[in-house]
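Take a look at the structure below.
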Amino acid sequence: MPSRVAAASRRTRAGAPLPAKFYDRDTEQAARDLLGAVLRCTTSDGVASGRIVETEAYLGEHDLACHAAAGHTARTRWLYGEPGTAYVYFIYGVHWCFNAVTRAVGLPSAVLVRALEPLEGVDLMRERRGVAHDRDLANGPGKLCEALGITGALNGLPLRRSPIEILRGPPVPDSRVLVTARIGITKSADWPLRWLLKDSPYVSKTPRHLRPV
DNA sequence: TAAAGGATTTTCT
DNA sequence: GAAAATCCTTTAC
């Protein structure tokens with residue numbers, strides 16, 4: 001493609017919702033490529049969004065760290081749905097966590113979004129979060145849901161043309177990406193690989209036993 | 001800076 | 001009944 005056309009294409013495509021096809025493929029690769037994309041949520045209070053700087057992949061029924069290891073249940077039914085839809089669950093009686101469902105219908109897997117760099121609606125996020133520093137608005141999976149107003153009501157919604165969307169961002173070079181693994185954190189399972197943007201002040205607080213691979 | 005404990009509900013054993 | 005894809009505050013060094 002001639003460079004002028006490529007540039008024009010980037011201009012028109014930047015900010016467009018990621019297509020369903022983006023999610024209908026290997027979950028770890030989708031998790032990598034979600035870095036730099038924009039997660040946006042619209043509620044009656046307004047719009048809030050952020051650039052994705054940290055993700056984690058949950059691969060399927062064979063992955064003991066994945067909720068789908070328990071099989072098809074009332075909770076996990078969303079994981080078995082269309083690629084490019086929302087899976088939101090409640091944890092520790094306190095927090096919501098947001099995932100993007102990946103791979104074909106019937107193959108239960110998803111990417112957990114773990115941290116955002118705030119973009120739109122920063123005042124709204126401050127109001128919702130009540131923290132002293134903006135770097136703490138969305139630097140964790142529970143925090144970003146509170147900041148954006150994400151709840152279980154969004155389960156199963158497509159991530160385009162809906163209150164919850166993921167928009168294409170500028171490509172992130174591999175040199176800016178750090179991959180980590182942490183080993184044997186539960187009795188049953190190794191933790192999944194995690195991707196994060198090197199040197200971003202907006203990544204989550206990383207435990208010591210997380211190590212680069 | 002790190003470690004420990006509580007919050008509080010859903011889910012599965 | 002126990003554990004959980006977490007977060008925040010308190011306490012200790």
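Naming convention: chains lettered A, B, ... in sequence-line order (proteins, then strands); numbering from 1 in each chain.
Defined by atom type and a distance below 3.5 Å, a donor-acceptor pair is missing between the side-chain atoms of Arg32(A) and Thr27(A). Inspection of the Tyr80(A) and Glu61(A) side chains reveals an N or O donor paired with an N or O acceptor under 3.5 Å. Side-chain contact, Arg194(A) with Thr180(A): no donor N or O sits under 3.5 Å from an acceptor N or O.
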Enumerate donor-acceptor pairs with a distance under 3.5 Å from any side-chain N or O in residues 135-142 of chain A to protein atoms, sequence neighbours excluded.
| residue | atom | partner | partner atom | Å |
| --- | --- | --- | --- | --- |
| Asp136(A) | OD1 | Asn139(A) | ND2 | 3.2 |
| Asn139(A) | OD1 | Lys143(A) | NZ | 3.0 |
| Asn139(A) | ND2 | Arg135(A) | O | 3.2 |

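Summarising the geometry, the separation between CG on Asn139(A) and P on dA5(C) is reported as 20 Å, rounded to the nearest angstrom. Spacing between atom CG of Asn155(A) and atom C1' of dA5(C) amounts to 14 Å, rounded to whole angstrom units. To the nearest angstrom, P of dA5(C) lies 21 Å from NZ of Lys205(A). A straight line from CG of Leu144(A) to P of dC8(C) spans 12 Å, rounded to a whole angstrom. Nucleotide dC8(C) holds its C1' atom 14 Å from the NE2 atom of His133(A), rounded to whole Å. As rounded to whole Å, 14 Å separates atom P of dT11(B) from atom NE2 of His72(A). Nucleotide dT6(C) holds its P atom 14 Å from the CZ atom of Arg129(A), rounded to whole Å. Rounding to whole angstrom units, CH2 of residue Trp195(A) and P of dA5(C) are separated by 18 Å.
Counting heavy atoms from C-beta outward, Val203(A) and Glu54(A) have side chains that approach closer than 4.5 Å. At a threshold of 4.5 Å between non-hydrogen side-chain atoms, the residues Val177(A) and Leu196(A) do not count as touching.
A cation-pi geometry, defined here as NZ or CZ lying under 6.0 Å from the six-membered ring centre and within 45° of its normal, does not hold between Arg25(A) and Tyr23(A).
The closest donor-acceptor contact from the side chain of Asn99(A) to the backbone of Tyr87(A) lies under 3.5 Å.
When the side-chain nitrogen and oxygen atoms of Arg194(A) are compared with OP1 and OP2 of dA5(C), none of them lie within a distance under 4.0 Å. Phosphate proximity of dT11(B) to His67(A): absent, as no side-chain N or O sits under 4.0 Å from OP1 or OP2. Here Thr73(A) does not reach the OP1 or OP2 of dT11(B): none of its side-chain N or O atoms lies under 4.0 Å away.
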- Query: Dot-bracket for DNA chain C, 5' to 3', with Watson-Crick and G-U pairs under 3.5 Å, [ ] for crossing pairs and | for other-strand pairs: what is it?
  - Reply: ||||.|||||||.
Polar atom pairs (N or O), protein with nucleotides 6-10 of chain B, under 3.5 Å:
| residue | atom | partner | partner atom | Å |
| --- | --- | --- | --- | --- |
| dT8(B) | O4' | Gly93(A) | O | 3.4 |
| dT8(B) | O2 | Tyr92(A) | O | 2.4 |

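Stacking here means ring centres nearer than 5.5 Å and ring planes tilted less than 30 degrees, and by that measure Tyr58(A) stacks onto dA5(C).
Annotation: His133(A), atom NE2; neighbour count of heavy atoms from other residues, nucleotides and ligands within 6.0 Å does not exceed 12.
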